[in-house]
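Here is the structure we will look at, set down as structure tokens.
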Amino acid sequence: PASPAAHSRRPTDRQSGRRLRGGRARPEAALLSQRSSSQRPAYQGSGAFAFSSKGEYGVRLMVQLARRFGAGPASLTEIAQAEDLPRAYLEQLVMSLRDAGLVTSTRGARGGYELSRPPAAIRMSEVLRALEGPIAPMACASEDPDHQATCGRTAGCTVNVLWVRIREAIAGTLDAISLADLVPRS
């Protein structure tokens, strides 16, 4: 057994305050404390159903394009500066939006990206599906018709109805909001 003086010199876990065994700090605890200080506050996107930064940044990109609708292609550099977002990440996101037919690109000195349709004709469900994939709080409640292959219990599962209703409520809300609804009127 260690002496009381040796015991008090053992490292402690920063979050719980408990002493660690073996006298060595756990690397995962150090990583956790590093990550928690650089991550967003817990109230943002940490709930049971959350969109990733792809969804958040992509929606912000689309709102900027909606604000400039009809004025010609917008530069990703300008949008990145206006929204304080990394340009390289926007380049990745805009490819998904282009593949979904939500934006078009123009090459050249005056090139950039613009909406393929008026903001009022673009539903937020389309935008988030293009960025995040199918809306599903659980794999067994996916909008994909082949979702039953992921869980053999889906057909007789009494809890599945909960996940499907949550999915439908989220999808219904996103279907009811157009991109134009997010553009401030001046």
For Arg165, I'd like to know if atom CZ has over 12 heavy atoms of other residues, nucleotides or ligands within 6.0 Å. no
Grab the two heavy atoms, one from [X] and one from [Y], that are nearest each other, plus how far apart they are.
X: Leu93; Y: Gly58; value: CD1-N, 3.7 Å
X: Phe69; Y: Pro118; value: CZ-CA, 3.5 Å
X: Ala171; Y: Ser125; value: O-CB, 4.5 Å
X: Leu128; Y: Gly55; value: CD2-CA, 3.8 Å
X: Ala74; Y: Leu65; value: CB-CD2, 3.9 Å
X: Ala130; Y: Ala100; value: CB-CB, 3.5 Å

Pair listing, salt bridge (charged side-chain N to carboxylate O under 4.0 Å, His left out) test, anchored in residues 90-115, at least two apart: Arg87-Glu91
Is there side-chain contact between [X] and [Y], with heavy atoms separated by less than 4.5 Å?
X: Met124; Y: Leu182; answer: yes
X: Ile79; Y: Leu85; answer: no
X: Pro119; Y: Arg67; answer: no
X: Glu126; Y: Met62; answer: no
X: Glu83; Y: Leu61; answer: no
X: Leu115; Y: Leu102; answer: no

Give a yes or no on whether the backbone of Ala136 and the side-chain of Arg167 come within a donor-acceptor separation of less than 3.5 Å. no
Are the side chain of Glu132 and the backbone of Ser52 linked by a donor-acceptor contact shorter than 3.5 Å? yes
If you group Ile, Leu, Val, Met, Phe, Trp and Tyr by side-chain heavy-atom gaps below 4.5 Å, do Val183 and Leu97 land in one group? no
Under the rule for side chain to side chain donor-acceptor pair (under 3.5 Å), what residues qualify as partners of Arg68, not counting sequence neighbours? Gln64, Glu78
Gap separating the CD1 atom of Ile166 from the CG atom of Leu162, nearest 0.5 angstrom: 4.0 Å
Output the distance between atom OG1 (Thr77) and atom CG (Leu90), rounded to the nearest 0.5 Å. 9.5 Å
